[in-house]
Amino acid sequence: MNDKIIVTGGCGYIGSHTVIELIKNNYKVIILDDLSNSSEETLDRIEKITGKKPTFINIDLKDADITNEVFKSHKDAKAVIHFAAYKAVGESINNPLKYYQNNLYSLLNTLSSQIENGINNFIFSSSATVYGTPNKLPITERNETQRPFSSYGNTKKVAEEILDDLINSNATFSAISLRYFNPIGAHESGLIGELPSGTPNNLMPYITQTAVGIREKLMVYGNDYPTKDGTPIRDYIHVVDLAKAHVIAVKRLIHKKQETAFETFNLGTGNGFSVLDVIHTFESVTNSKLNYEIVERRAGDVPELYASTDLAKEKLGWTADKSLEEMIRSSWNWEQKLRNKTS
Ligand code: NAD
Ligand code: UD1
């Protein structure tokens, strides 16, 4: 029998890529998603890529009773990967309660349901945003966390604190928190990728939507940062590399290889690229010119963020191996297929 894994938010961007990697590793996947930021069509696309359709349950994890019922019927699952959350930074600043309600109730209901049903392994989608403005680079897991700028970011910090308390009170429960840097890219098939609702907040979807003609031009938020070209530096990571790290983390939990009951790992490449680096790489990969303009800084942006990847390499045996060019090529392939303008 293949081990069963529950994946909340499995129809979303990172979740769907992770489901593919889990299926490739012979896990049986149960997706719990309310489709608030995704589509059921993703399931057909996963089937097209892997030959298997994961079990899907349409459920809002804010509902404690229904969540518990669903976990009761899958109490043989070996682990939970929890992606379900809202993630729009700007919206979270204007509507913090929506974010605290969704991201924290979903987390609490998932945790209490899984524990009640004897499922004691948990993987959490965290973010580099928990480091705030880092005073030391590269960022190691020993860097202090700070209160993030946005309510969205703060749901990640609070969630990690909840997990810490839970683990200190429960001898049988184990968790791994994965702190993502900047996930971009899409599956090589071009069948799944990131589909932001409305105007994208993030750089990569904004670039591809501009290039495809949906947006007029990209606004580059500031070129007066203390970096090599004045634009902020980030650690962009291919979503497929990120997905693979989740499979390794699942195996680590199931086979009880953890060194402590709560472990935290950065998931990045360790390489920093500026906004202009990304634009210029996009232009060279696609052999086109991107329409962009330098404008004022965006509130909350930090000058420079990139990961130390040493701990993930040492303990998980994981490193990201896809280049910025590959990330951009796959994002572009996805955007073109999405708009049915394959060239
Ligand atoms: P996404 O929006 O594509 O996926 C999240 C999924 O969760 C969606 O399918 C959505 O429908 C579902 N969902 C949301 N609330 C739910 C609820 N109450 N009940 C059931 N399902 C619900 O986002 P993503 O980019 O795939 O991100 C996945 C996780 O990774 C999130 O927790 C996000 O905060 C975290 N993260 C993302 C990034 C990023 O850049 N994408 C960076 C750091 C951390
Ligand atoms: C953002 C969030 C972070 C969240 C992450 C993943 C903020 C302040 N931070 O990270 O909390 O975890 O997304 O969802 O929103 N840029 C432009 N023009 C654009 C878009 C972005 O110049 O239209 C620049 C930004 O100034 C930044 C870089 O591109 O320097 C990357 O931006 P983005 O993709 O939004 O990621 P982060 O800001 O790192």
Side-chain angles (χ1 to χ4, degrees), residues 1-87 102-103 105-125 159 163 166 172-178 187 191-192 239-240 242-256:
M1 259 297 268
N2 298 337
D3 283 339
K4 187 189 271 189
I5 311 295
I6 293 175
V7 181
T8 77
C11 290
Y13 172 46
I14 305 171
S16 57
H17 287 84
T18 302
V19 167
I20 288 170
E21 296 304 318
L22 287 167
I23 293 174
K24 283 205 310 210
N25 280 269
N26 294 317
Y27 288 102
K28 181 167 170 30
V29 176
I30 312 294
I31 295 179
L32 313 184
D33 201 304
D34 67 355
L35 304 177
S36 55
N37 196 36
S38 52
S39 145
E40 212 169 333
E41 206 188 319
T42 305
L43 301 166
D44 299 328
R45 292 172 175 225
I46 291 172
E47 187 179 16
K48 227 179 218 172
I49 294 167
T50 64
K52 285 193 187 130
K53 198 165 181 170
T55 302
F56 169 62
I57 302 168
N58 188 336
I59 170 195
D60 180 351
L61 297 161
K62 288 198 291 305
D63 187 321
D65 292 340
I66 293 177
T67 302
N68 197 37
E69 279 307 305
V70 167
F71 275 81
K72 203 185 278 173
S73 56
H74 291 287
K75 48 168 65 174
D76 55 333
K78 294 283 187 272
V80 175
I81 310 181
H82 184 59
F83 292 105
Y86 293 156
K87 60 164 183 178
N102 191 56
N103 294 5
Y105 284 145
S106 296
L107 171 75
L108 295 172
N109 292 338
T110 298
L111 290 172
S112 49
S113 301
Q114 71 172 97
I115 288 170
E116 198 169 318
N117 292 292
I119 309 166
N120 285 312
N121 294 318
F122 183 78
I123 293 172
F124 181 63
S125 288
L163 287 172
L166 178 60
T172 49
F173 189 75
S174 297
I176 294 179
S177 182
L178 299 174
H187 191 264
L191 287 170
I192 58 166
V239 66
V240 172
L242 199 69
K244 288 178 178 165
H246 291 73
V247 178
I248 296 172
V250 160
K251 289 184 179 160
R252 186 171 175 87
L253 285 171
I254 294 179
H255 300 298
K256 305 209 176 305

Check Arg252 against Ile176 and note the closest heavy-atom contact, atom names and distance.
-> CD-CD1, 4.0 Å
Heavy atoms of Asp33 and Gly10 approach each other most closely as OD2-N, 3.5 Å
Using side-chain contact (heavy atoms from CB on, under 4.5 Å) as the criterion, list what pairs up with Glu69, not counting sequence neighbours.
-> Lys72
Test side chain to side chain contact (heavy atoms under 4.5 Å, CB included) applied to Val29 and Val19, Asn2, Thr18, the passing residue = Val19
Looking only at non-hydrogen atoms, find the nearest pair between Ala175 and Leu253 and report the distance.
-> N-CD2, 4.3 Å
For atom CZ of Phe56, is the number of surrounding heavy atoms from other residues, nucleotides or ligands below 6.0 Å larger than 12?
-> yes
Derivation and outcome, side-chain hydrogen bond (donor to acceptor under 3.5 Å, both in side chains), residues Asn26 and Asp3 | CA-CA 8 Å; Asn26 294 317; Asp3 283 339; over 6 Å; no
Where Lys28 and Thr55 come nearest, the two heavy atoms and their spacing = NZ-OG1, 3.7 Å
Kindly write out the residues that satisfy side-chain contact (heavy atoms from CB on, under 4.5 Å) with Ser177, not counting sequence neighbours, or none if the list is empty.
-> Phe124, Ser126, Glu160, Phe262, Thr264
Residue set satisfying ring-ring contact (aromatic ring centres under 6.0 Å, His included) with His246, at least two apart, ordered chain then number -> Phe83, Tyr180
Show your working on side-chain contact (heavy atoms from CB on, under 4.5 Å) between Leu163 and Leu111 and close with a plain yes or no.
-> CA-CA 9 Å; Leu163 287 172; Leu111 290 172; 3.9 Å; yes
Residues which pass side-chain contact (heavy atoms from CB on, under 4.5 Å) with Thr110, listed by chain and number, not counting sequence neighbours = Thr8, Leu61, Phe71, Val80, His82, Gln114, Phe122
Leu43 versus Cys11: any side-chain heavy-atom pair under 4.5 Å?
-> yes
With Ser112, which residues qualify under side-chain contact (heavy atoms from CB on, under 4.5 Å), at least two apart?
-> none
Under 3.5 Å, is there a donor-acceptor pair between the side chain of Arg45 and the main chain of Ile192?
-> no
State, with a plain yes or no, whether a side-chain heavy atom of Asn25 is found less than 4.5 Å away from one of Lys251.
-> yes
Heavy-atom check, side chain of His187 versus side chain of His17, under 4.5 Å | yes
Verdict with reasoning, Ile254 to Ile5, per side-chain contact (heavy atoms from CB on, under 4.5 Å) = CA-CA 10 Å; Ile254 294 179; Ile5 311 295; 3.9 Å; yes
If you measure from CG on Asn117 to CG on Asn68, what distance do you get to the nearest 0.5 Å?
-> 5.5 Å
Of all heavy-atom pairs linking Ala243 and Glu21, the shortest is CB-CG, 3.7 Å
Salt-bridged, Asp44 to Lys53, with N to O below 4.0 Å?
-> yes
Distance (rounded to the nearest 0.5 Å) between Lys78 NZ and Tyr27 OH | 10.5 Å
Taking C-beta and beyond as the side chain, do Leu22 and Ile81 meet within less than 4.5 Å on heavy atoms?
-> yes
Pairwise distance OG1(Thr172) to CG(Asn120) - rounded to 0.5 angstrom | 4.0 Å
OG (Ser125) and NZ (Lys87) are apart, to the nearest 0.5 Å, by 10.5 Å
List the steps, then state whether side-chain contact (heavy atoms from CB on, under 4.5 Å) holds for Ile57 with Ile31.
-> CA-CA 6 Å; Ile57 302 168; Ile31 295 179; over 6 Å; no
With side-chain contact (heavy atoms from CB on, under 4.5 Å) as the test, would you mind laying out the steps for Ile30 and Val7 before giving the verdict?
-> CA-CA 6 Å; Ile30 312 294; Val7 181; over 6 Å; no
Residue that, paired with Ser106, satisfies side chain to side chain contact (heavy atoms under 4.5 Å, CB included) out of Asn102, Asn109, Asn103, Leu108 = Asn102
Heavy-atom distance under 4.5 Å between the side chains of Ile248 and Lys244, does that happen here?
-> no
Ala77 and Ile119: which non-hydrogen atoms are nearest, and at how many Å?
-> O-CG2, 3.5 Å
Partner residues of Tyr86 under the ring-ring contact (aromatic ring centres under 6.0 Å, His included) criterion, sequence neighbours left out = Tyr99
Quick one: pull up CG in Leu166 and CZ in Phe173 and give me the separation to the nearest 0.5 Å.
-> 5.0 Å
Can you find a pair of side-chain heavy atoms, one from Lys52 and one from Glu47, that are under 4.5 Å apart?
-> no
